[in-house]
Every structure is written in structure tokens, then in C-alpha cells.
Amino acid sequence: MKQLIERLGYDFKEPALLEEALTHSSFANEGNRHVANNERLEFLGDSVLGMIAASYLFEHDKSREGELTKLRASIVCEQALSSYSRELGVGEHLRLGKGERMNGGQDRPSILADAFEAILAAIFLDGGMEAAKAFVTPFLVKEIASQKRRHFKDYKTQLQEIVQQTPEERVEYVLTGESGPDHNKRFTVEVHLNSNVIGKGTGKSKKEAEQLAAREALKLMGYDD
């Protein structure tokens, strides 16, 4: 347990909460009925996780509501949560019934995902929302970056390929604004088609702003995501 606590980066005031979070119902059902399993904690953890994920995306991602909903679903789904548990090595510390352990329960995605939510709830109950955020946010940030790399579209190239179909057309990206401190700059770029503004984007880098401007231009031209 000491090794797991170190990986969690959180020192419990009530270690019994972590023990409960790691206790699967199969363990309680096999002659340990006095022992609380992690189902109630998992229920609470699901809500805490949803709130933290939604709040983080609202503050750090300027996408539309539909895109935020899809992204939130992808970072709190069973596959994502079980990967967080594997990264922490949760499986080796789970209290499982003998039958469940013999059937590979310590590496079953549903069990690992539920355990992760239960651990999050245990941290929330023991240390409050800030402790819960500090624990889970690094996992969410890494998964968001992974999802965006997976689904990245090169809007600039797509726009260029469309425009090149008409030889006399010319696309140009113009930096029109720069704001914020050095550690948190925001850049605004316009994309011009023969001097006419057809898109505008704001991002943390010029490249990101150009991609968002191209994306807006594509939408204007009838090419949706």
C-alpha cells in the first residue's frame, strides 16, 4: 500500500478510505460480508470526475459544446480510466475474491475503471475537491493531448488543396493580434483569400491560430468537420 500511496501522490488521513476503494464486491461476497466494497465510492467518484473534467475543459478548451461533450466522454470512459489505473499499478493492490482473481479480475478494464473512480472519491472525502483535482487532472491533461493528436486535422493543408483548384486564388495568413504575458500568450490570425478575410482564429501559438482560422474558413466554404 505504501508503494501505491506514493504513486497516488496523496497521503490519506483516513487510510481505511483507500482500503475500501480497493475492495471489490467479490471479496466482500466471499465470506467477508462485514467489509465494505467500493461500489458506493465508485458512484461518488463518477460524479466528482465528471465535474472536474467538465470544469477543466470549460476553462482550457474553447471548442463548441458538442465537441466538449465528445472530448469529456473520451477522457472519462472505461478505456481511459482503466489505463489510468494501470499506470498507477492499482490492479496488484485490489482486494478481489479468489474466483475473480483467478479469472484475471486484477486487469479487467471495468474493475480497474471502477477502482480508479473509487480512489478519486476516497481522496475527495479525505482531502476535499482541491486534493481530488490535484490527483486526477494530470491524467486528464495527458489523455486530452493524446485524443487531440489522434483526431488532429491539418485544416491549413485542406484549405490550400481546395484553393489550389483555382490557380489565380491565393491564401495568406496575417497575424492581427497578440496578448497576454509571456508564459500565456494568445495569438489572433486572419486567413485572407485574395485580400478578403475568410476566417479568424485565436490560439496559444501562431500555428494553432492559423489552423483555427483555416478551420473557420473551411466552414464558411461549406466544408464541416
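This is a predicted model, so every value here is computed, not measured. We use all heavy atoms of the structure for the numbers below, so side chains are in, but hydrogens, waters and symmetry mates are not.
- In R7, the CZ atom is crowded: over 12 heavy atoms of neighbouring residues, nucleotides or ligands sit closer than 6.0 Å.
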Derivation of the side chain to side chain contact (heavy atoms under 4.5 Å, CB included) call for I162 and L218: CA-CA 9 Å; I162 292 168; L218 287 166; 3.5 Å; yes
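- At least one donor-acceptor pair under 3.5 Å links the side chain of S74 to the backbone N or O of L71.
- Put simply, the side chain of R86 never gets that close to the backbone of L112: no donor and acceptor are under 3.5 Å apart.
- Rounded to the nearest 0.5 angstrom, E78 CD and I111 CD1 are separated by 10.0 Å.
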Could you walk me through whether Q3 and H93 pass side chain to side chain contact (heavy atoms under 4.5 Å, CB included), step by step? CA-CA 10 Å; Q3 187 181 40; H93 298 281; 4.3 Å; yes
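- The CG atom of N38 sits 12.0 Å away from atom CD of E19, with the distance rounded to the nearest 0.5 Å.
- With hydrogens and angles ignored, the 3.5 Å screen pairs a side-chain donor or acceptor of E216 with a backbone N or O of K200.
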Hey, mind stepping through I123 and V136 against side chain to side chain contact (heavy atoms under 4.5 Å, CB included) and telling me if it holds? CA-CA 10 Å; I123 292 173; V136 78; over 6 Å; no
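- F27 has its side chain out of reach of N37: every pair of non-hydrogen atoms, C-beta onward, lies at least 4.5 Å apart.
- Between the side chain of E190 and the main chain of V174, no donor-acceptor pair closer than 3.5 Å is present.
- The pair E178-K185 meets the salt-bridge criterion, since a charged nitrogen lies less than 4.0 angstrom from a carboxylate oxygen.
- Looking only at distances, a side-chain donor or acceptor of N103 sits under 3.5 Å from a matching main-chain atom of G99.
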Run the side chain to side chain contact (heavy atoms under 4.5 Å, CB included) check on L88 and F116 step by step: do they pass? CA-CA 9 Å; L88 291 166; F116 184 85; 3.9 Å; yes
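- Listed for the R215 side chain is no donor-acceptor partner under 3.5 Å among the backbone atoms of G199.
- Judged by distance alone, the side chain of N194 and the main-chain N or O of R170 form a donor-acceptor pair under 3.5 Å.
- Ion pairing between R108 and E100 holds under the 4.0 Å rule for side-chain N and carboxylate O.
- By the 30° and 60° cut-offs, the orientation of the rings of F12 relative to Y10 is perpendicular.
- With hydrogens and angles ignored, the 3.5 Å screen pairs no side-chain donor or acceptor of S55 with any backbone N or O of I52.
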For the pair E65 and T69, evaluate side-chain hydrogen bond (donor to acceptor under 3.5 Å, both in side chains) and give the outcome as yes or no after the intermediate values. CA-CA 6 Å; E65 184 270 341; T69 298; 3.1 Å; yes
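- None of L41, I119, T23 except one satisfies the side chain to side chain contact (heavy atoms under 4.5 Å, CB included) rule with L18; the exception is I119.
- Ring planes of F139 and Y84: tilted class, angle from 30 to 60°.
- The neighbour count for M1 CE, taken as heavy atoms of other residues, nucleotides or ligands under 6.0 Å away, is above 12.
- Shown here is E14, whose CD atom has no more than 12 heavy atoms of other residues, nucleotides or ligands within 6.0 Å.
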